[in-house]
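What you see is a predicted model; the values in this text were computed from it and never measured.
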Amino acid sequence: MPDVPTMVAAKFDFEPSNGTELKLVKGVRYQVTRRVDDNWYSGKDSSGGSGIFPISYVEAVVDLSGELAGRPSKRRRAELSFSYSRQRTEDISAGAAAASRYNPALPTAPTKPTDRLPYHVHRLPVESAMSDARYMDTRVNRTSTIRPIDSSAVSAVHIFDLDETLIQFNHLSALYIPPRQLGARPGEAAVTPNRAAGKALSKALEELIIGVASAHFFFDDLEGCNQTDVKALTHLDDRAPLEALDFDEDGFTWPKGAPPGLAHPAWTRLAHRLRAMEDRYGTAAGATAAGAAARRPTPAAAAVCTHVTKHRYEQTTDKSLGFAAGAPVDVLQAADGGWARVRIAAAVGWAPASYLREVGVEEAFPELASMAAAGVLSQEHLAAVADLHRDLSAYTEGWLDTALRLLHALQHVQGCELVLVTNSELSAALTKCLLFRLGPYFRADNIYSSATAGKPAVFKRIRERYGADPFYCAYGDGPEERSAAEELKIPFRQVQTAADLQKLCRQAELNDGRLHP
């Protein structure tokens, strides 16, 4: 039999027809774990998803490190090693490059506002935001002691896919089409992205996700023994105190083919790891929720920013922007003459620099700062992760920002449960939720990995958990989610473009978070 390569690149897109197959995206690299037969490889992607895929759809690539691209070696996975520097504005997309080359005919920038209004960053009062008792008890619990679900109190269950639905991840390193072009109106100019910028973002995200998953969520230990959710082995857990367990020295190895049961200590040790993952996620997500409470629930609530406007400003030319006091701003380019090129909401233009106040990482990204306080991110990595988020928002034109607004609107409906089902392995799924600031919206026990069982089986399990009475709706970008929803005869909302996501967000915000009859 021919040699099996350790790394391959997809020559064509491949859509899985069942839960055992792995989705391929043209141009993306995949790790090969074994050769199944003459026609199929078994392997995994950079987000932790695993499955089989046709050999004819891939080609071997040289991987000098012998590892998955962006994945640190086991010798240095105990501590996260991560750095990132913001890309230049013109590197994000061709549209941004063209806009940055003109020389605006702007008047001399004012140094003092004509109407000095009290300025502040509009923030939701803590007592009325995500820190209220109902939210902290039912959505994110700092001690991760999840209360049993009272199905009679659940009125709606929203089941979300993760990659390319709530976040953009796999598309970044492929032939990625920006959301604006995907949702463009007839005759609207298309934006051609800089593929190198997308690949740089993808590589940085891979390094960050796998580094955090390895350091905090047993990414290496769970390789080959992925579980559907953190509660999967509760019946095999002896409930030994977590503080008394030494995960580095307990001798855990996965016994392939061993039936589940207390007779083999590996199952108990795996159950310990799942409980520790739930506890660590709950602590970090609780801290994230406390940080997110500082944001206001408005269309700009999730917008990343480097500055905030100090005063109100009226637009003076077609090149400048008007704005109110307290608006979040991302400064794209500093300029001579007292003007800066900025992004405010979806608009890009010029603003007087004297009207802007720089904000620190803790103010711009309170969720990330809270994660650092919880020990998931170190303080030295905080600025790098914040810069990565800013570039990701610019490259995807605020895809995640819109998703966070949608989740925020849905979550605050009494009796609404948000559930995540992803083909990523469970360790990577928990890590992604935290790093993409989804922690306040998805409890650990509401995050499911379909990498092994497939989405139809996981959807059925969710239906059994909550019963037949609640309203169900599934959201995703691919045929697998649609098929699973159709099998259970529940509504499916497709999210393939920015316009799809924005439409859902507007509906949720206009209808007080209700997307069902």
Ionic contact status for D237 with R275, cut-off 4.0 Å: yes

Flag, side chain of E481 to backbone of G478, donor-acceptor distance under 3.5 Å: yes

Taking the six-membered ring for Trp, are Y57 and F12 parallel (under 30°), tilted (30 to 60°) or perpendicular (over 60°)? perpendicular

Please examine the side chains of E417 and Y466, heavy atoms only from C-beta on, and report whether any two atoms are closer than 4.5 Å. yes

Do the side chains of Y281 and L434 get nearer than 4.5 Å, heavy atoms only? yes

Less than 4.0 angstrom from a charged side-chain N to a carboxylate O is my criterion; do R273 and D250 meet it? yes

Using atom types as modelled and distance alone, determine if a side-chain donor or acceptor of T497 lies under 3.5 Å from a backbone N or O of D500. yes

At their closest point, which heavy atom of H235 faces which heavy atom of A232, and how far apart are they? CE1-O, 3.4 Å

salt_bridge(D163, K432) N-O dist < 4.0 Å: yes

Taking 4.0 angstrom as the limit, do R461 and D229 come out as a salt bridge? yes

So, the side chain of D401 versus the backbone of S393: is there a donor-acceptor pair under 3.5 Å, distance only? no

Q494 side-chain N/O to R482 backbone N/O, donor-acceptor pair under 3.5 Å: no

Please find out if less than 6.0 Å separates the ring center of Y475 from that of H158. yes

Does the side chain of T422 reach to within under 4.5 Å of the side chain of F160, using non-hydrogen atoms? no

Under 3.5 Å, side chain of N446 to main-chain N/O of L418, donor-acceptor pair present? yes

F247 ring center near F218 ring center (under 6.0 Å): yes

Minimum heavy-atom distance E425-S449, with the two atoms named: CA-OG, 3.6 Å

Could you check if a side-chain atom of L166 sits within less than 4.5 angstrom of a side-chain atom of D161, using non-hydrogen atoms only? no

Out of curiosity, K231 NZ to Y448 OH, how far, rounded to the nearest 0.5 Å? 10.5 Å

Side-chain contact, heavy-atom cut-off 4.5 Å: V32 with F53? yes

Check D13 with K23, please: is the shortest side-chain N to carboxylate O separation under 4.0 Å? no

Separation between SG of C416 and CG of L407, rounded to the nearest 0.5 Å: 9.5 Å

State, yes or no, whether a side-chain contact exists between T452 and T228 at a heavy-atom distance under 4.5 Å. no

Side-chain touch I210/T431, heavy atoms, less than 4.5 angstrom: no

We want to know whether T268 and D238 form a side-chain donor-acceptor pair, criterion being a heavy-atom distance below 3.5 angstrom. no

Are the charged groups of K44 and E223 less than 4.0 angstrom apart, N to O? yes

Using a 4.5 Å cut-off on heavy atoms from C-beta on, say whether the side chain of L222 contacts that of Q227. no

Contact summary for L201 and L392, nearest pair of heavy atoms: CD2-N, 4.0 Å

Distance under 6.0 Å and angle within 45° of the ring axis: does R463 meet both against Y472? yes

For the backbone of L435 and the side chain of H389, can you confirm whether one donor and one acceptor N or O come within less than 3.5 Å of each other? yes

